[in-house]
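Chain A is the first sequence line, chain B the second, and so forth, proteins listed ahead of strands; every chain is numbered from 1. What you see is a predicted model, and the numbers here were worked out from it, not measured in a lab.
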Protein chains: 2
Amino acid sequence: MPRPSTADERRRLLLPTIAQAFARTGYNRATTAELAGACGVPENTLFRLWGGKKGMYLAALDHLYERTVDGWARYLAAPAAGPDAASAASRLLAYEGEHYGEHGLYRIIFTGLDEIDDPDIKKALRAMYRRFHAFLTERIAEHRGEEPAAARTALLAWAVIGMATVAGIGRELRLVTRQQQRELFGEVGRALLDLHETP
Amino acid sequence: MPRPSTADERRRLLLPTIAQAFARTGYNRATTAELAGACGVPENTLFRLWGGKKGMYLAALDHLYERTVDGWARYLAAPAAGPDAASAASRLLAYEGEHYGEHGLYRIIFTGLDEIDDPDIKKALRAMYRRFHAFLTERIAEHRGEEPAAARTALLAWAVIGMATVAGIGRELRLVTRQQQRELFGEVGRALLDLHETP
DNA sequence: AGGTTTTGTGAGTGAGCGCTCACAATACGG
DNA sequence: CCGTATTGTGAGCGCTCACTCACAAAACCT
């Protein structure tokens, strides 16, 4: 038997660095040479591990999403403070008001939106948004005490995603302060969760 | 005296085509050769008129924004139907629920977000978002009958922008139907305008 | 007409970059 | 130790693409 491959292990090891590089520079400006440099490996290695730049991007996107979701799961698993424990949805809003953007997930998404005519990238983004939206919809339905999620709940989930997105853009452009981000998630986001029919 | 320049005129004439091309393909994938082809002029001409690809993009961004704002102004100038005429803010929401995305403005913005480490592009996007947000904030303040716009009003304006943004992304990825877009602007957007303190 | 500038033409260039390849070195299993 | 696979190395290839240049033609002014 030949020498066993450590490829999986290496992928796991290098992915955070690659994701960070993509998030920092964007898809196009991140050259494969730079990625390799950041990882401290020869360019060749990256191509062997992911087949091409697009493969690296797709892996990085997936990595950042998983990382974000894991962060939520850990946060929600921790016992809520006190008996007046808020719903998972509103706890997540508070959490993201504080931490949104730390992983650079939104940055890597924007960079993908520019490549959206590539079918593979479009598919990956679509899958990610779909999962994200489904997750949020469930949390919001729980919060509102709805059993099967109503159509309106799905709309609210989109609105919350939009709010997060604009927070990312706004902070990037220095038009939204960190305090405003907190208020956006905290006040407006919270209000969205409890939105009823307008009279 | 020499031959007078018709450069301004030509810029005005070619800009819609260039903007459309950028919106269709994105910044990076739109090659200067393609832009020239779409315009039916030699590549050289575009460089003489705008100095470079970045200049073409900045002009296109500005053009689409102006065009959008003009569309609003025209729509608002038309007399509101009946005596129960809604506020400008809510009329705009209804309008955008129907027409959002038609000019491709959001597409050209996404494409710019990928180039955001370029200071010129960042500055242009920042200026555009700032104007957009200021405009919306005023309309919302009017709607709510606030004299000087409250801090909360600015937040609501961001939320509305976010809602529009996510509508663009969602429709692009075929996760949001046109009907859902209408409801997003119509129901959720309308509710945002009237959001009070949560009890 | 003549002078001055703009416009059309078309070839070309130089740099960046994704990706490849041949080969040597290394590490594992039998 | 040997066969087989994976890794390190480094040069380089081919292509795309933003951008340029030289020159001829046209258009406007006085």
Q: Is the closest basic N to carboxylate O distance between B:Asp120 and B:Lys123 below 4.0 Å?
A: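 So B:Asp120 does not pair with B:Lys123 through a salt bridge.
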Q: Once you round it to whole Å, what is the distance between C1' of C:dT20 and CG of A:Leu49?
A: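 The distance from CG of A:Leu49 to C1' of C:dT20 comes to 16 Å, rounded to the nearest Å.
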Q: To the nearest Å, give me how far apart CG (B:Asp8) and P (C:dT6) are.
A: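 Taking CG of B:Asp8 and P of C:dT6, I get 12 Å after rounding.
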Q: Could you tell me whether B:Lys53 sits above the aromatic face of B:Phe47, with NZ or CZ closer than 6.0 angstrom to the six-membered ring centre and within 45 degrees of the axis?
A: no
Q: Are a donor atom and an acceptor atom from the side chains of B:Arg178 and B:Gln181 found within less than 3.5 Å of each other?
A: no
Q: Pairs of donor and acceptor atoms involving the side chains of residues 155-164 of chain B, under 3.5 Å and at least two apart or interchain, shall be tabulated with distances.
A:
from     : atom 1 : to       : atom 2 : distance (Å)
B:Trp158 : NE1    : B:His133 : NE2    : 3.1

Q: Strictly by ring pair (Phe, Tyr, Trp, His ring centres under 6.0 Å), give each pair with a member in residues 161-186 of chain B just once, sequence neighbours left out.
A: B:Tyr100-B:Phe185
Q: Would you call A:Asp194 and A:Arg144 a salt bridge, using N to O less than 4.0 angstrom?
A: no
Q: Taking the side chain of A:Phe47 as heavy atoms from C-beta outward, which of C:dC19, D:dT20, D:dG8 is closest to it?
A: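 Nearest to the side-chain atoms of A:Phe47, counting from C-beta on, is C:dC19.
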Q: What pairs with A:Phe132 under ring-ring contact (aromatic ring centres under 6.0 Å, His included), at least two apart in sequence or on another chain?
A: A:Trp72
Q: Output one line per pair: protein atom, nucleotide atom from nucleotides 21-24 of chain C, and distance, for all N/O pairs under 3.5 Å.
A:
from   : atom 1 : to      : atom 2 : distance (Å)
C:dC21 : N4     : A:Asn44 : OD1    : 3.3
C:dC21 : N4     : A:Asn44 : ND2    : 2.7

Q: For A:Met56 and B:Thr45, find the nucleotide of DNA chain C closest to each by heavy atoms; which residue's nucleotide sits nearer the 5' end?
A: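 Nearest nucleotide further toward 5': that of B:Thr45.
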Q: Output one letter per nucleotide in nucleotides 11-17 of chain C: B when a protein non-hydrogen atom lies under 4.0 Å from the base, S when only the sugar-phosphate is that close, - when neither is.
A: ------S
Q: Does any donor atom in the side chain of B:Glu146 or B:Thr153 lie under 3.5 Å from an acceptor atom in the other side chain?
A: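 Yes, a side-chain donor-acceptor pair sits under 3.5 Å.
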Q: Measure the distance from CH2 on A:Trp50 to C1' on C:dC19 and round it to the nearest whole Å.
A: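 Answer to the nearest Å: 16 Å.
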Q: Rounded to whole angstroms, how far apart are CG on B:Leu46 and C1' on C:dT7?
A: 13 Å
Q: For the pair made of CD in A:Glu9 and P in D:dT7, what is the distance, rounded to whole Å?
A: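 In whole Å, D:dT7 P and A:Glu9 CD are 11 Å from each other.
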Q: Which pairs pass salt bridge (charged side-chain N to carboxylate O under 4.0 Å, His left out) with one or both residues in residues 20-34 of chain A, sequence neighbours excluded?
A: A:Arg29-B:Glu115, A:Arg29-B:Asp117
Q: Pick base, sugar-phosphate or nothing for A:Ala36, based on heavy-atom distances below 4.0 Å to the nucleic acid.
A: nothing
